[in-house]
Structures are given as C-alpha cells and as structure tokens.
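Here it is, the structure in full.
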Amino acid sequence: MPAVTVENPLNLPQLHKPAVGSRPRKVVQVATAPSGLEGEGFPVRRAFAGVDQARLDPFIMMDQMGEVEYAAGEAKGTPWHPHRGFETVTYLIDGTFRHQDSAGGGGLITDGDTQWMTAGSGLLHIEAPPEELVRSGGLFHGIQLWVNLPSVQKMSDPRYQDIRAGNVKLLTTEDGGSLVRVIAGSVAGYDGPGITHTPITLIHATVSPGARLELPWQPDYNALVYVLNGAGTVGTEARPVRMGQTAVFGDGDSIELRADDKQESRSPNLDVIILGGLPIGEEVAWYGPFVMNTHAELAQAFDDFRSGRMGTVPADRI
C-alpha cells in the first residue's frame, strides 16, 4: 500500500466532475514499458519507451523503480554521476533513499516524500539506500521523472526542493472512490507544493475497484497516465490498461479512467501516475545524463564533466 493514504477519503476536499460541455481527451496510444536494471542493479520499468518525444514534451523519461522487496544485503542504488540541463523528480512511494551532490545538497527521502532536483548548469550526485535498509532489507518503490528545462534556464544554478509526504495536497472524488495526491501543479483549482521551472502537473492517484476518476485538464498541456499497479480502462472509449503501461491522450480539457471491478490480490487498487505539462517546443539533444538543445552543447557538457567543472565527489561521500 502506498505510504501516503487516509482512512476516510470523504473527509478530504472533493473534486467535482468536469463541467458539462468539456471535451474528453481520447487515447491515442498505449505503450508497454520494458524492464531493465539501473545504476548498481535496481530494477526499473522505462515508462515512456515507445512514446513519440513530441507527445512527451516537456518530459524526457520516467522510470518506475521497483516495486521490490529487498532481502538483507540486496538493496542497491546508483554510483556518482553527472546531470545538466533538466530536473530530476524522485517520488518515493514506499521505502527510503539517500541523496548527495557535489554542491553540498541532498538528504533523506522516505515513504511518500519527493525530491525535486534542478540540475541546471550541472553537478554530480548519487542516490543510494541508507545503510540500515541494506542491512535489514525492505520494500522499495518509486518513480524518477526527468523534466526538461527551456534553453534560457538550462544553465541556471542547481537547486533542491524536498517535498515531504505531509505537504502533498490530498483530494478525493464525490463518491470517495479515488485518493488523488497532487505533488506539483494544479488540478481543479487545487495546487500541489512542487515549484516547477517548466509548468507541469504531477499526480499519484489510487482508484478503488469499480471507481471512476474524471479530472479537468488544462487544454494546452499534454496528458499521460502510467499504471503503477492494478488494471483498468482509460478514456471515454474504455481502452484497457494494466501495470507497466502508459496511456497517451490527445487534445481536450478532461481525462478519465476507471479501475476494473476485480483486481489481483497483490494490487487491490488501480494506482496511476497522471502527468502533463506545457510543451517547450525546442530541439532536444539528449545523450546519457545531459539534456541540451544542440550537439555542440552536449559536447561541451561532456568536456565540462571530464574537466571537473561540474564539481568533484565530496570527502564525506555516501
């Protein structure tokens, strides 16, 4: 069960259905995420694999990390590595992760926390499970989302936002069938705590079996739904989706999804990440840990990294 939950959703502010006359978005694609390994070997699903980059803008990629129950000594992270030109958003649904960077930033996120790191002009960082998790083992589940920066902000100073689980805006539907966690952006006039360079909305929703979730959606944003676990349908055409699939929506000003009446015992609800953003509309030159606008800027990023101009690993490394 996700760490951020409530006993009685009906005590929360309620989302009303989109206004009469709204234009529901149709589903234009359902893509299945391939599985792989990241960093030192923790399992991921590549959520946006097979989706046209033009429909993702301003997003670059998203990984579902886990869900995995580590035995003692199994938990893994990433080695020290650089980033430039975009933001990383690490939302930890369950578990604990420690971050550190070459500029002195970082910290511990756990059970529903989000760390929003603007890499900007560049830094080195590491993500690793704390020693106690390595020793004891335990549940680990989350996502990491890469959000592009427009060209005028790619060389901005790095910054962090630590969004604690208790600060996420919690909402429900009129029937109490869905728990909606707004991490960043706005939906139906309710704002999440995340401050974004690029206008986006990021939501984690849990939909009970048989329940329907209808959300108004900004017409100038794109719209994506990724299934963390469970099964259901998306769009007015009721397109089937299941764990590890991404639904890409077309134009309109509302989106809808429904959880199947029956769910498997391991995933009693339909859990989804709902996200969208205002397209930047610029050329993207992406290679490895750098997201720039031109090949020359990529070459400069690699040269700056090799020359130590993105910082050095601190003496008190984790």
Side-chain angles (χ1 to χ4, degrees), residues 2 24-39 41-69 88-94 139-148 178 200-213 215 217 221-252 255-277 279 284 286 288 291:
R25 293 180 179 233
K26 293 185 177 180
V27 178
V28 298
Q29 181 185 6
V30 172
T32 300
S35 299
L37 297 175
E38 182 60 59
F42 64 85
V44 298
R45 287 188 176 93
R46 307 292 190 191
F48 296 159
V51 179
D52 186 345
Q53 187 64 44
R55 291 198 175 274
L56 294 177
D57 185 11
F59 307 111
I60 300 297
M61 58 158 278
M62 188 171 76
D63 283 345
Q64 180 182 7
M65 307 180 295
E67 179 177 10
V68 58
E69 184 79 36
T88 66
V89 182
T90 305
Y91 169 49
L92 205 57
I93 299 167
D94 288 293
L139 180 63
F140 182 83
H141 189 203
I143 64 159
Q144 185 170 95
L145 172 70
W146 289 14
V147 185
N148 199 10
S178 299
I200 72 166
T201 295
L202 175 61
I203 290 169
H204 172 199
T206 300
V207 187
S208 301
R212 184 183 302 275
L213 175 59
L215 293 175
W217 206 251
Y221 279 24
N222 55 13
L224 304 150
V225 170
Y226 176 73
V227 182
L228 293 165
N229 54 253
T233 59
V234 288
T236 54
E237 61 271 49
R239 188 91 171 260
V241 289
R242 54 178 169 77
M243 181 176 67
Q245 291 189 316
T246 298
V248 183
F249 288 80
D251 296 335
I255 60 176
E256 69 174 72
L257 56 120
R258 181 185 181 277
D260 286 351
D261 293 334
K262 293 183 179 181
Q263 303 287 335
E264 61 175 324
S265 58
R266 193 182 70 86
S267 303
N269 301 296
L270 173 66
D271 268 279
V272 295
I273 295 292
I274 306 171
L275 70 164
V284 174
W286 169 27
V291 182

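We number each residue from 1, following the sequence as shown. Only heavy atoms go into these numbers, but all of them, side chains included; no hydrogens, no water, no symmetry mates.
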Practice task
Write down the atom of Asp261, the atom of Gly210, and the distance for their closest heavy-atom approach.
Solution key: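 So the minimum-distance heavy-atom pair works out to OD1-CA, 3.2 Å.
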Exercise for the section: Look only at the side chain of Glu67 and the backbone of Asp94, and say whether a donor-acceptor pair between them is shorter than 3.5 Å. Expected result: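 It does not hold such a pair.
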Practice task
Please report the shortest heavy-atom distance between His141 and Leu228, naming the atom on each side.
Solution key: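 The answer is NE2-CD2, 4.2 Å.
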Problem - side chain to side chain contact (heavy atoms under 4.5 Å, CB included) involving Ala49 - partner list, sequence neighbours excluded - result: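 So Ala49 forms a side chain to side chain contact (heavy atoms under 4.5 Å, CB included) with Pro34, Arg46.
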Practice task
Measure the spacing between CZ of Phe48 and CE of Met61 and express it to the nearest 0.5 Å.
Solution key: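 Going from CZ on Phe48 over to CE on Met61, the span is 9.0 Å.
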Practice task
Starting at CG of Asp271, measure out to CD1 of Ile93 and round the result to the nearest 0.5 Å.
Solution key: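 If we round to the nearest 0.5 Å, Asp271:CG and Ile93:CD1 are 7.0 Å apart.
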Problem - Heavy-atom side-chain contact between Ile143 and Tyr226 under 4.5 Å - result: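 Not touching, per the 4.5 Å side-chain cut-off.
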Practice task
Output, in order, the C-alpha distance, side-chain angles, deciding distance and verdict of side chain to side chain contact (heavy atoms under 4.5 Å, CB included) for Leu270 and Val227.
Solution key: CA-CA 7 Å; Leu270 173 66; Val227 182; 3.8 Å; yes
List, one per line, each side-chain donor-acceptor pair under 3.5 Å for residues 240-250, sequence neighbours excluded.
from	atom 1	to	atom 2	distance (Å)
Gln245	OE1	Arg242	N	3.1
Gln245	NE2	Thr32	OG1	3.0
Thr246	OG1	Ala47	O	2.7

Practice task
Could you list the residues that satisfy side chain to side chain contact (heavy atoms under 4.5 Å, CB included) with Pro209, not counting sequence neighbours?
Solution key: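 Counting only residues at least two positions away or on another chain, Pro209 forms a side chain to side chain contact (heavy atoms under 4.5 Å, CB included) with Gln263, Asn269.
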Problem - Spatial distance of atom OG (Ser35) from atom CG (Asp63) [nearest 0.5 Å] - result: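 Here the rounded value is 10.5 Å.
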Problem - Parallel, tilted or perpendicular: rings of His204 and Tyr91 (30°, 60°) - result: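 Taking His204 first and then Tyr91, their aromatic rings stand perpendicular (interplane angle over 60°).
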Exercise for the section: Output every pair passing salt bridge (Lys or Arg N to Asp or Glu O under 4.0 Å) with a member in residues 52-61, not counting sequence neighbours, ordered by first then second residue. Expected result: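 Counting only pairs at least two positions apart or across chains, no salt bridge (Lys or Arg N to Asp or Glu O under 4.0 Å) contact touches residues 52-61.
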Exercise for the section: Keeping the roles fixed (side chain from Arg25, backbone from Gly252), state whether a donor-acceptor pair exists under 3.5 Å. Expected result: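 Yes; judged by distance alone, with no hydrogens or angles, the pair exists.
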Exercise for the section: Indicate the atoms forming the closest heavy-atom contact of Gly232 with Asp260, along with that distance. Expected result: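 The answer is CA-OD1, 3.3 Å.
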Exercise for the section: Drop me the distance from Ile255's CD1 to Ile274's CD1, to the nearest 0.5 angstrom. Expected result: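 Between atom CD1 of Ile255 and atom CD1 of Ile274 there are 5.0 Å.
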Practice task
To the nearest 0.5 angstrom, please state how far the CG atom of Leu215 sits from the CG atom of Leu257.
Solution key: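 Going from CG on Leu215 over to CG on Leu257, the span is 7.0 Å.
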Practice task
Look only at the side chain of Trp217 and the backbone of Pro24, and say whether a donor-acceptor pair between them is shorter than 3.5 Å.
Solution key: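 Not a single qualifying donor-acceptor pair exists.
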Problem - Asn148 (side chain) donor-acceptor with Pro58 (main chain) under 3.5 angstrom - result: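 Here the side-chain-to-backbone pair does not exist.
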Handout entry: Residues that Phe140 engages under ring-ring contact (aromatic ring centres under 6.0 Å, His included), provided they are two or more places apart
Key =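 For Phe140, the residues satisfying ring-ring contact (aromatic ring centres under 6.0 Å, His included) (neighbours in sequence not counted) are Phe97.
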Exercise for the section: Of all the heavy-atom pairs spanning Ser265 and Pro268, show the shortest one and how long it is. Expected result: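 Minimum heavy-atom contact is O-CD, 3.9 Å.
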Problem - Contacts of type side chain to side chain donor-acceptor pair (under 3.5 Å), residue Arg212, not counting sequence neighbours - result: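 Applying side chain to side chain donor-acceptor pair (under 3.5 Å) to Arg212 gives Glu256.
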Handout entry: Set of residues satisfying side chain to side chain contact (heavy atoms under 4.5 Å, CB included) with respect to Thr90, sequence neighbours excluded
Key =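 Side chain to side chain contact (heavy atoms under 4.5 Å, CB included) check on Thr90 returns Met65, His99, Ile109, Glu127, Gln144.
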Exercise for the section: Report the residues that fulfil side chain to side chain contact (heavy atoms under 4.5 Å, CB included) with Ser267, sequence neighbours left out, ordered by chain and then residue number. Expected result: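 Listed in chain order: Asn229, Glu264.
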Exercise for the section: With rounding to the nearest 0.5 Å, note down the distance linking OG1 in Thr88 to CD1 in Ile60. Expected result: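 Thr88 OG1 to Ile60 CD1: 12.5 Å, rounded to 0.5 Å.
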Exercise for the section: Mind listing the closest non-hydrogen atom pair of Thr206 and Pro2 along with its distance? Expected result: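 In terms of heavy atoms, the two residues are closest at OG1-CG, 4.2 Å.
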